[in-house]
Protein chains: 2
Amino acid sequence: MPNPLTIGRVAKATGCKVQTIRYYEQIGMLPSPDCSAGNQRIYEPAHIDRLIFVRHARELGFPLNAIRDLLSLADELDQSCEAADAIAREQLVEVERRIERLRSLKTELRRMIRQCKGGRIADCYVIEVLNDHTQCVSNHREVGA
Amino acid sequence: MPNPLTIGRVAKATGCKVQTIRYYEQIGMLPSPDCSAGNQRIYEPAHIDRLIFVRHARELGFPLNAIRDLLSLADELDQSCEAADAIAREQLVEVERRIERLRSLKTELRRMIRQCKGGRIADCYVIEVLNDHTQCVSNHREVGA
DNA sequence: TTTAATAGCTATAGTCGCTGTAGGTTCAAG
DNA sequence: CTTGAACCTACAGCGACTATAGCTATTAAA
């Protein structure tokens, strides 16, 4: 074979990093390809399709577990696509939730910054607000996400 | 001492979990308090103030490193607050960046879901888009954040 | 044909910010 | 005096990679 699909070529073709591809194989997101005589991975074009699918779903923020489900659904051509749509709807809800939270953070940060007139730390509005939640307008009482 | 500030009381007072408080101590975000005869942590009110500061900054999405910087700035009452404001502005930019990205994901997800008429996987628009980025309207070509 | 550069390999640790567990000790109430 | 809650340390695990060390294989040029 003159131009075998080595891991480096697959990385270039899909936009994934070499290590990420090996990582996906390790966690079972990507089937192990055959190996060359020297024990190097040689991929099939189908691997590239699958990786593009995974990467694109990751770009859209789907967690790997959801992508795993989407992948197995994608292979069942005759099944109903209701389950796939449900996963996408769930992801949409999650994205909207995150936007909401970030928007309230943005409001609070802007207020902090705008109200700070500069000067000494002792009078710094940024520091003051961080010391005292009651100075906040919105409720952003959770740490995660 | 009749009502010592044990770690559990501090947790309640600040909204941090007990383990989180110990974690913050371990990574140097919170000074080690004195201990009781039986080697249990006994805090001062100042610890609570500091924890409230940290938690509030976390709620606003600041990473711990930035909070570390903010904390050391907060102690320099006579210094200019320009550095603190800069950290807050940086965080605002980061939050805005994330909102932007999430908004484009939201657009794409809604389009995927709306266009999918249900039916078989073979015709599923959700699956189809994931297989092929060129079907996307926006550019969301990065995975992280 | 040899050699040097590039690309590949495995295994492991680190990132961030916690959270959870196991297996023990101390404290406070009854 | 006993029970049960709260505390202790130390370590593993999460998600999704990324980076490093120390090798081996392949390939292109000399």
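Numbers restart at 1 for each chain; the letters A, B, ... are given by sequence-line order, proteins then strands.
- The phosphate of D:dT26 has neither OP1 nor OP2 within less than 4.0 Å of any side-chain N or O from A:T6.
- In this structure, the CE atom of A:M29 is 12 Å from the P atom of D:dG15, given to the nearest Å.
- Atom pair B:Q26:CD and C:dC18:C1' shows a separation of 11 Å (rounding to whole Å applied).
- Between A:L5 atom CG and C:dA7 atom C1' there is a gap of 15 Å when expressed in whole angstrom units.
- Mapping B:Y23 and A:V18 onto DNA chain C via the closest heavy atom, the residue that lands nearer the 5' end is A:V18.
- Every residue meeting the side chain to side chain donor-acceptor pair (under 3.5 Å) condition with A:E59, not counting sequence neighbours, appears here in chain and number order: A:R55, B:R141.
- Spacing between atom CD of A:E25 and atom P of D:dA16 amounts to 19 Å, rounded to whole angstrom units.
- With rounding to the nearest 0.5 Å, the separation of CD in A:Q79 from SG in B:C124 is 12.5 Å.
- Atom P of nucleotide D:dA6 and atom NZ of B:K17 are separated by 15 Å, given to the nearest angstrom.
- Between B:T20 and C:dT19, a side-chain N or O to OP1/OP2 separation shorter than 4.0 Å is present.
- Look at CG on B:N3: it is 13 Å from C1' on C:dC27, rounded to the nearest Å.
- Where A:Q40 and A:L64 each meet DNA chain D at their nearest nucleotide, the meeting point lying more 5' is that of A:L64.
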**Item:** Working for side-chain contact (heavy atoms from CB on, under 4.5 Å), residues B:R22 and B:I7
**Value:** CA-CA 9 Å; B:R22 286 197 282 247; B:I7 197 168; 3.4 Å; yes
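- One interatomic measurement links the two molecules: CD1 of A:I21 to P of C:dC9, which rounds to 10 Å at whole-angstrom precision.
- Across all strands, A:R22 comes closer than 4.0 Å to base atoms (heavy-atom distances).
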**Request:** Could you please spell out the steps behind the side-chain contact (heavy atoms from CB on, under 4.5 Å) verdict for B:R89 and B:D85?
**Result:** CA-CA 6 Å; B:R89 281 195 302 268; B:D85 291 5; 3.6 Å; yes
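- Base engagement by B:Q19 is indicated by at least one non-hydrogen atom pair under 4.0 Å involving a base atom.
- For A:S36, a side-chain nitrogen or oxygen approaches OP1 or OP2 of D:dT26 to under 4.0 Å.
- The residue A:R58 sits close only to the backbone: its heavy atoms come under 4.0 Å of sugar-phosphate atoms, none of a base.
- Taken to the nearest 0.5 Å, the CD1 atom of B:I127 stands 8.0 Å off from the CD1 atom of A:I87.
- Looking at heavy-atom distances under 4.0 Å, B:Y24 makes contact with sugar-phosphate atoms alone, never a base.
- Using a 4.0 Å cut-off, some side-chain N or O of B:R41 falls inside it from OP1 or OP2 of D:dC8.
- Straight-line distance from the CD1 atom of A:I7 to the P atom of D:dT24: 19 Å, rounded to whole Å.
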